[in-house]
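In what follows, chains carry the letters A, B, and so on, assigned in the order in which the sequence lines appear, proteins first and then strands, with residues in each chain numbered from 1. Remember, predicted model here, so these are calculated numbers, not experimental data.
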Amino acid sequence: MWSADRSLSQSGDWQMAVELSAFERSPRFSRWLDRRIPPSRSLTLSQQSIFIFPTVTGFLFGGLIVLLILGAINYQNSLVYGVAFTLGSLFLVTILYTFRNLSGLTIELIAASTGFVGEDVEFQVRISRPKGKGREGIQLGWLGAIAQWAELYDSEACTVRLFVPAKTRGWLDPGRLLIETQYPLGLLRAWTWVDLGARALVYPQPLFIDQPDQIARRGEDGELMDPQGSDDFSDMRAYRPGDPVRHVIWRAYARTDQLIVKEYTSYLDPRLMLDYDRVAGGTEERLSRLTGMALNAARSGREFGLVLPGTRIRPGIGDLHRDSILRALALHGLAEA
Amino acid sequence: MALLKRNDTTEALGIGYQIPRTSLALLMIAQAVVVLPHAAHITPWIIAVGLFCGYWRWMVFQGRWDYPQRWIKVLLVVASAIGVGASGKSAFSLETATGLLIVAFALKLVEMKSRRDAYLVIHLCYFIVAAEFLFDQSIGIALYGVMSMVIVTAALVGLHQLHTRVRVSTSLRTATVLVMQAVPLMLVLFLFFPRVAPLWSVPLPGGTRTGMSDHVAPGDIAALTRSDAIAFRAVFDGPDAAPARSVLARSRVFEFCARHMVGGRRVARARESAGRPGRTRRHSFPMYRRFDLCRTRYCWSRRSNRGLFALDVSDPRHVRHIGDARLQAHLGRTGTHDGALSRRGVSGRANGSAIA
């Protein structure tokens, strides 16, 4: 018999997704929250922003205490009273512990990555605590994403990488960040929703189907050459069977007794213009195809530009250029562009 | 409020929350510690069930065995329930209830997987610590109870730490600090919480403390004649109650010890309690002189043993006489019966379960 116990219990964090209750989904609550915890890039938690309430376990614990007090009354047993009151006091002491575990923490957004639709976008959030007692058992998560643990026991600050699934292109606004703790006994939950003003750019999902050269226009200049072309002289070399007789340099043959052929090539325009009007499909599909082509072109080091309805980006090269092209593709037709 | 809910996909993959290993070990230690003092009064096979389940869980913990199949679990539960029913002393005695609790607790061992299971086990642990105090209230057991609570709390702390951070020593230290900080508040509550009279009657551990049972073993009677435990209380009222010149003039409730009822001595000792619990005095007095023709009233409460005590019975309401001059209560009823003390002495059985 083999058990999953060993391998899985060490596999890391809780795989828990953040969800909202019906109450927190109401627009009234979010308006109230906006007034109470206004958006800012960095925030230090205090009474103003920390909520605390018993968990289901906490209520069960309360039920246990009531049961014990009933038992103590009926059996007139002082020690059972003692157990009940110790548990009750433990609950009250835990309120302070749970609150203190969050109080004073500073939450700060460091970086937001970019990503393609279908991927997870990474946000880096830095948590730091004031000097003094360590904090532990803190969880952070954007709505709908997996929560991550943060531990500030030995260190005074840590960076947490949070991933949010990107579902549509454009600016991804993950909303408010949930920070919660149930430490130390799980009887109470202290939590807060902070708005760090985080947003990340999501590019269209790339589609790698079209051959970019089909869309590239042939031109008279540039660097990339089509070796089978016949436009321009490029080199001389020894004759190989099958070379066109037309290309043999007879003058050289007369002088050296060797068959030398001229090589000709044609020039392809190396500057790829990715044109919205020249790919097939609906808007999103076209953008996806163009994204795929842009990535291919960038990988092969070619100059490329972009033509979108209303936008034209001149051909260029390099990561920055690629990012500006992808950005234009991501924000095409969106109000925020 | 927003809750952290388990992700469906991760659940399907079976990589949902697992109890941290160190915390699980601590939890199993806590379970053993909590049950240990109960070993004195639960039937031995319950311990065997506990050891079996504990061994199974340990093998799972080490990754050698898997969790038991569903049918094995059902079998264990049914067998244990029948076992408790068959070996229990009476259906609703405290020992039976505790036995059932501990069997369920032991069986939960093999099913302890998720966080919710762990919470349930921890709540049961606290409850079992309290249950032990019903059987024994000595200082040693009280200290042991405090220690058990610290260990149980440590297991609870471990559940809320990062897997890699759970250490037995730090969890224990945090739990100790928590419990110590709870003590002052506990004392305040303990001193100022109003003590209410029992809301309903409950079976007490050990059952009857004095009197004769249905089975008599050699030495029982000798032990009874030396017993100072209270056999019953009697209320004397009416115009012919104790004479005014007596030291017992204001006393109405008297407690009789088995020693004085069974032994041949002519002196009974009654404790005066006159409705003032803090100011009881003990008096010795010649039994028959003071209480000749006094009306008496006996009170009993619902209990499993139907035998009644009496000095003598003149007005047997709610009471049955059975052939050999014994009195029997109707089963499951609470009531009183009136009697008169006469020179004929004690009839019926002195059975103190109602007043112990």
Side-chain angles (χ1 to χ4, degrees), chain A residues 1-6 8-12 14-21 23-24 53 57 60-61 64 67-68 70-71 73-90 92-94 97 136-137 139 141 146-147 149 151 153 178 180 182-186 189 191, chain B residues 1-7 10-11 14-21 24 60-67 119 123 126-127 129-130 133-134 137 141-142 145-146 149 153 156-157 159-163 165 174 178-179 181-186 189-190 193 195-202 204:
Chain A
M1 283 190 254
W2 183 85
S3 161
D5 204 64
R6 171 171 288 192
L8 292 179
S9 64
Q10 293 172 339
S11 71
W14 298 3
Q15 302 285 304
M16 305 282 254
V18 181
E19 284 181 19
L20 276 186
S21 67
F23 172 68
E24 282 177 325
F53 198 73
T57 318
L60 273 176
F61 197 76
L64 176 74
L67 209 64
L68 286 175
L70 273 181
I73 287 173
N74 276 351
Y75 286 97
Q76 299 282 298
N77 190 312
S78 290
L79 288 181
V80 178
Y81 272 121
V83 174
F85 295 146
T86 308
L87 295 185
S89 315
L90 211 53
L92 296 178
V93 171
T94 311
Y97 268 76
E136 55 186 316
Q139 284 176 280
I146 302 286
W149 279 84
E151 211 66 23
Y153 201 79
L178 173 72
E180 80 157 63
Q182 294 189 3
Y183 184 82
L185 297 187
R189 166 176 178 265
W191 77 101
Chain B
M1 79 194 117
L3 298 170
L4 286 171
K5 289 204 176 144
R6 197 172 295 175
N7 207 342
T10 54
E11 181 139 44
I15 52 170
Y17 175 79
Q18 299 272 329
I19 303 171
R21 281 180 69 73
L24 188 64
V60 173
F61 181 77
Q62 291 194 318
R64 296 193 195 168
W65 291 7
D66 202 350
Y67 290 105
Y119 281 140
H123 280 76
Y126 284 128
F127 196 80
V129 169
F133 293 146
L134 299 180
Q137 295 204 59
I141 284 292
V146 171
M149 280 177 75
T153 309
L156 192 51
V157 170
L159 284 177
H160 298 93
Q161 293 176 312
L162 192 63
H163 283 87
R165 240 197 73 74
T174 310
L178 272 170
V179 171
Q181 286 175 343
V183 163
L185 195 59
M186 183 273 277
L189 283 170
F190 192 82
F193 191 84
R195 293 300 193 274
V196 190
L199 303 174
W200 62 86
S201 77
V202 283
L204 285 161

Problem set entry | Q181(B)/Y97(A) under side-chain hydrogen bond (donor to acceptor under 3.5 Å, both in side chains): CA gap, chis, key distance, verdict | CA-CA 11 Å; Q181(B) 286 175 343; Y97(A) 268 76; 2.8 Å; yes
Exercise. Going by heavy atoms in the side chains, are Y75(A) and P198(B) under 4.5 Å from each other?
Worked result: no
For this session: Among the options L87(A), L70(A), T94(A), pick out the one with the most heavy-atom pairs lying under 4.5 Å from chain B.
Result: L87(A)
Problem set entry | Nearest non-hydrogen partners of V196(B) and Y81(A), listed with the distance | N-OH, 4.1 Å
Exercise. What closest approach, in Å, do A182(B) and S89(A) show between heavy atoms, and which atom pair accounts for it?
Worked result: O-CB, 3.2 Å
Problem set entry | Region of L64(A) in contact with chain B, defined by heavy-atom distances below 4.5 Å | side chain
Problem set entry | V93(A)/V179(B) under side-chain contact (heavy atoms from CB on, under 4.5 Å): CA gap, chis, key distance, verdict | CA-CA 9 Å; V93(A) 171; V179(B) 171; over 6 Å; no
Exercise. Between N74(A) (side chain) and L199(B) (backbone), is there a donor-acceptor pair under 3.5 Å?
Worked result: yes
Exercise. So which part of Y119(B) gets closer than 4.5 Å to some heavy atom of chain A, the side chain, the backbone, both or neither?
Worked result: side chain
Problem set entry | Spacing of NE2 belonging to H123(B) relative to CG belonging to L60(A), to within rounding of 0.5 Å | 5.0 Å
Exercise. When the ring planes of Y126(B) and F61(A) are compared, do they come out parallel, tilted or perpendicular, using 30° and 60° as the limits?
Worked result: perpendicular
Exercise. Taking atom CD of Q161(B) and atom CD of E136(A), what is their separation to the nearest 0.5 Å?
Worked result: 4.5 Å
Exercise. What option among T57(A), V83(A), L90(A), V80(A) has the most heavy-atom pairs under 4.5 Å with chain B?
Worked result: T57(A)
For this session: Under 4.5 Å heavy-atom distance to chain B, tell me which part of I73(A) shows up: side chain, backbone, both or neither.
Result: both
Exercise. So, do L178(B) and P184(A) sit near enough that their side-chain heavy atoms are less than 4.5 Å apart?
Worked result: yes
Problem set entry | Gap between atom CZ of F133(B) and atom OG of S78(A) - 0.5 Å precision | 11.0 Å
Exercise. Taking Q76(A) for the side chain and R195(B) for the main chain, is one N or O donor matched with an acceptor at less than 3.5 Å?
Worked result: no
Exercise. When rounded to the nearest 0.5 angstrom, what is the spacing between OG1 in T86(A) and CE in M149(B)?
Worked result: 4.5 Å
Problem set entry | Residue pair Y183(A), L159(B): steps toward the side-chain contact (heavy atoms from CB on, under 4.5 Å) verdict | CA-CA 9 Å; Y183(A) 184 82; L159(B) 284 177; over 6 Å; no
